[in-house]
K.L.:
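The structure is given below, and queries will be raised subsequently.
Lettering follows sequence order; numbering is per chain, from 1.
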Amino acid sequence: MGELSITVNETIQAVEEVTALFYQQNNQEGMRMLELLIGRIVDTVSNIQQYQAGLEREVFSVKVFNDILSKALKAMEQKDMILFSDILFYEINSMFREFLIRYFELY
Amino acid sequence: MDFYNNNMKYLKRNQSNLYEKIYNAAEMVTINAVDQVDKTAANNGENILLIENREKKYRMNSCYNPTHEASIWAGQFVLNKLNTMISMFGFGNGLFATKIADKLNKEDYLFIYEPSYMIFDFSLHHFDLSELLKKRNVLIMVEGLNEFDFHMVLQNTVTITNMFSQIQCVHPYYEEIFEESYLNFWKEIRDKMVYIQTSVNTEIKFGEVAVTNCLKNLKYLKDSNTLTDFFPDINRDIPAILVAAGPSVKENLEELKKAKGRAYLFVVDRILDFILDNGIEPDFVVTVDPMKRIADFSKRDNITIPLLADISCNTKIMEMHKGKKIFYNGNEFSSFMYREAGVNPPSLALGASVATAAFSACIALGIKNIAFVGQDLAYDGDFTHAGGVAEKFDYVKDIYVEGIDGEKVRSRYDWYQFIQWFNDMIALYPDYNFIDTKSKGAKITGTIQMPLSEVMNNYGALQPIPIRQIVDEKPSSFDDEKFEKVEKFLSDSCKEMRYLKKKAKEAIDLCDRQISEYNENPNGSDITRTIFKKISRINRALNKKPTYSLLDGFITALTAKHMATLYEINEDDLMDKIETYNKSKIIYQAIIDAVNFTLPKMKDTIKILDQELEEST
């Protein structure tokens with residue numbers, strides 16, 4: 001299994017851990033870990049983009065990802081951490097899982 | 001689907017009290033009404049609860065997957081102790097509560113406090129709550145309908161053994177929407193924890209002394225009465241005046257003098273000398289504290305005023321006192337003893353102070369008009385008691401409570417418990433008149449503010465009451481025949497104590513064998529099962545013995561800190577079993593220590609009673 005898949009899996013797990021904190025109303029701890037998480041997500045997408053650059057077709061839509069991330073950040077600005085967590089858990093992680101499926105198909 | 005009727009069907013089955021209140025009075029409940037309650041669909045098709053209040057909108061569930069959100073939320077609560085009580089603030093649409101309720105074991109309870117009937121009613125109509133409402137260990141309290149039940153369930157279910165097994169949780173956003181109710185919710189929980197700790201501290205302080213006093217005070221049985229002996233002699237329409245030791249007593253001295261003979265005058269021991277110094281002779285003086293300082297009873301050595309006493313009250317006070325002793329309360333052991341002798345045992349809900357005990361005595365006598373004098377339950381500047389007495393106080397223990405004028409007044413945590421006790425008791429007697437005569441101090445809910453002069457005008461007897469004569473001439477509860485039965489009971493109790501000691505030693509040996517056996521066979525064996533049955537038989541035998549109840553307070557005192565951890569479960573199953581038997585050994589040893597302490601004193605008491613019986617025959 002490639003390093004990229006490990007990175008993506010770890011990011012998926014990190015999203016689950018941080019969103020669990022917000023679902024549990026543990027916002028203080030969640031916010032503390034959020035900066036790292038966002039950084040990790042952005043790095044992961046950057047790695048995916050690099051990988052994708054060597055392919056003939058698109059396996060991960062950065063545009064769609066950016067739209068979803070904007071939606072999430074808007075929820076965060078409105079202090080709706082449950083909606084923020086939902087977007088990360090269901091949409092961002094969903095994109096990462098779909099990427100992994102395609103990644104393993106090509107591997 | 002008709003959610004409402006289905007939900008109400010289960011509510012009627014499990015919480016008929018709440019069901020009745022919803023049926024009869026719910027339309028009138030407006031407390032904590034919000035601007036709007038509604039629902040909408042989540043992405044996965046489940047319904048989400050929406051609340052709008054003070055121009056702010058709250059989405060009470062995840063708009064993607066409410067069930068998943070609630071599961072993760074409930075996942076933070078670990079139920080790893082026996083007999084766990086979960087108090088939850090906020091019902092919402094029942095989803096969060098359902099997820100927590102799914103984790104309950106048979107002996108655990110979930111108490112849900114919903115501050116808004118409007119929200120609860122909406123949920124009853126629009127959400128399927130049947131899974132939650134079916135559970136018999138889930139209780140719902142709705143503010144405006146049955147919020148007092150929350151206070152009562154805490155009183156009845158949280159004890160020293162499970163106080164550390166409690167979990168408190170809050171439905172998301174409820175803290176923000178219902179700030180005041182949220183604070184009251186926490187106050188109830190805090191008050192209960194403080195009460196338990198105080199009770200444990202009391203047991204520790206009084207354990208040995210209470211046993212000693214009880215046995216020594218039995219020598220006064222021969223010439224004593226029980227409170228209920230006077231039940232036929234009391235005119236229930238004549239008021240009782242309870243004089244407590246608060247600073248405001250001095251405002252009422254002249255009226256108390258005038259009230260003499262026209263009301264039943266009960267004074268608490270602390271204020272006796274002050275009252276006597278001001279030329280007032282009460283009808284009864286009340287004492288309860290096993291360790292009351294003599295100086296706080298009286299400087300006088302010739303007190304003949306009838307003394308209302310708990311069987312475990314300070315034995316030195318009993319010696320000092322020269323008049324009639326009236327036992328108004330005993331313990332389980334003395335109750336057995338009274339019954340053996342064919343006498344109705346004295347028993348009251350005492351509360352935690354001599355004033356609450358005096359109050360209970362008046363209720364037990366059926367007196368319908370009870371006036372409080374000096375029941376300040378708040379500071380008057382620095383003074384804590386009448387006569388310019390300023391007890392040392394700890395600022396950490398102070399608290400602000402509601403005053404009779406609606407403003408906050410400074411009080412103490414222990415007085416606050418007394419206030420709560422009075423509030424609870426008064427609520428149980430709606431047909432009685434409870435009058436507070438003070439002009440300032442803490443409010444006692446359910447009392448009417450009325451000056452003492454007006455109390456006497458409205459309720460005072462027109463003819464003098466010969467209560468002192470009645471008391472002095474009343475024959476003792478115990479004739480010689482009954483007294484002999486008391487002696488036999490005590491003699492049998494000595495044999496019982498030897499039996500308790502023998503069985504406790506056997507139990508310790510069995511625990512040691514059990515621990516060895518589990519170390520050999522961690523999964524248990526026929527031997528562990530047999531030993532378990534033997535220990536269970538011993539426990540049943542111990543608990544049945546009347547003498548065990550005499551030793552109970554002493555045993556609690558010796559083992560209090562271990563009792564609090566008795567219900568903790570270790571993750572390691574074997575360690576858990578071994579710990580349980582180690583803790584049990586501590587309790588059995590405490591039984592042995594309690595017997596070693598008590599048996600010689602019991603024998604001394606029997607000797608004294610023998611002498612008394614000889615002298616009287």
K.L.:
Check whether more than 12 heavy atoms from other residues, nucleotides or ligands sit under 6.0 Å from atom NZ of K134(B), and answer yes or no.
P.N.:
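Yes - once you tally the heavy atoms of other residues, nucleotides and ligands closer than 6.0 Å, there are more than 12.
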K.L.:
Which atom names give the shortest non-hydrogen contact between S62(B) and D86(A), and what distance separates them?
P.N.:
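Reported closest heavy-atom pair: OG-OD2, 2.6 Å.
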K.L.:
May I ask you to check whether over 12 heavy atoms, not counting those of E176(B), lie within 6.0 Å of atom CD?
P.N.:
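Counting other residues, nucleotides and ligands, CD of E176(B) exceeds 12 neighbours.
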K.L.:
Is there a side-chain contact between L83(A) and C63(B) in this structure, where contact means two heavy atoms from C-beta onward sitting under 4.5 Å apart?
P.N.:
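Yes, close enough: below the 4.5 Å cut-off.
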K.L.:
For D80(A), is it the side chain, the backbone, both, or neither that has a heavy atom closer than 4.5 Å to a heavy atom of chain B?
P.N.:
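When you check distances to chain B, only side chain atoms of D80(A) fall under 4.5 Å.
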K.L.:
Of all heavy-atom pairs between Q24(A) and I72(B), which one has the smallest distance, and what is that distance?
P.N.:
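Minimum heavy-atom separation between Q24(A) and I72(B): NE2-O, 3.1 Å.
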K.L.:
Flag yes if more than 12 heavy atoms outside Y109(B) fall under 6.0 Å of its OH atom; otherwise flag no.
P.N.:
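Open: at most 12 neighbouring heavy atoms sit under 6.0 Å from OH of Y109(B).
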K.L.:
Would you call the rings of Y90(A) and Y64(B) parallel, tilted or perpendicular, where under 30° means parallel and over 60° means perpendicular?
P.N.:
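Y90(A) vs Y64(B) ring planes: parallel.
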K.L.:
What I'd like to find out is whether the side chain of W73(B) reaches to under 4.5 Å of the side chain of N26(A), using heavy atoms alone.
P.N.:
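With C-beta onward as the side chain, the pair stays apart.
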K.L.:
Got Y23(A) and H68(B) here, is their nearest side-chain heavy-atom distance under 4.5 Å?
P.N.:
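Yes, at least one pair of side-chain atoms sits under 4.5 Å.
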K.L.:
Tell me, for N65(B) versus chain A, whether the close heavy atoms (under 4.5 Å) come from the side chain, the backbone, both or neither.
P.N.:
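Contact with chain A is through both the backbone and side chain of N65(B).
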K.L.:
Evaluate Q25(A) against V170(B) for side-chain contact (heavy atoms from CB on, under 4.5 Å), listing each step before the verdict.
P.N.:
CA-CA 9 Å; Q25(A) 301 290 303; V170(B) 184; over 6 Å; no
K.L.:
Under 4.5 Å from any heavy atom of chain B, what part of F89(A) do you find: side chain, backbone, both or neither?
P.N.:
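The answer is the side chain of F89(A).
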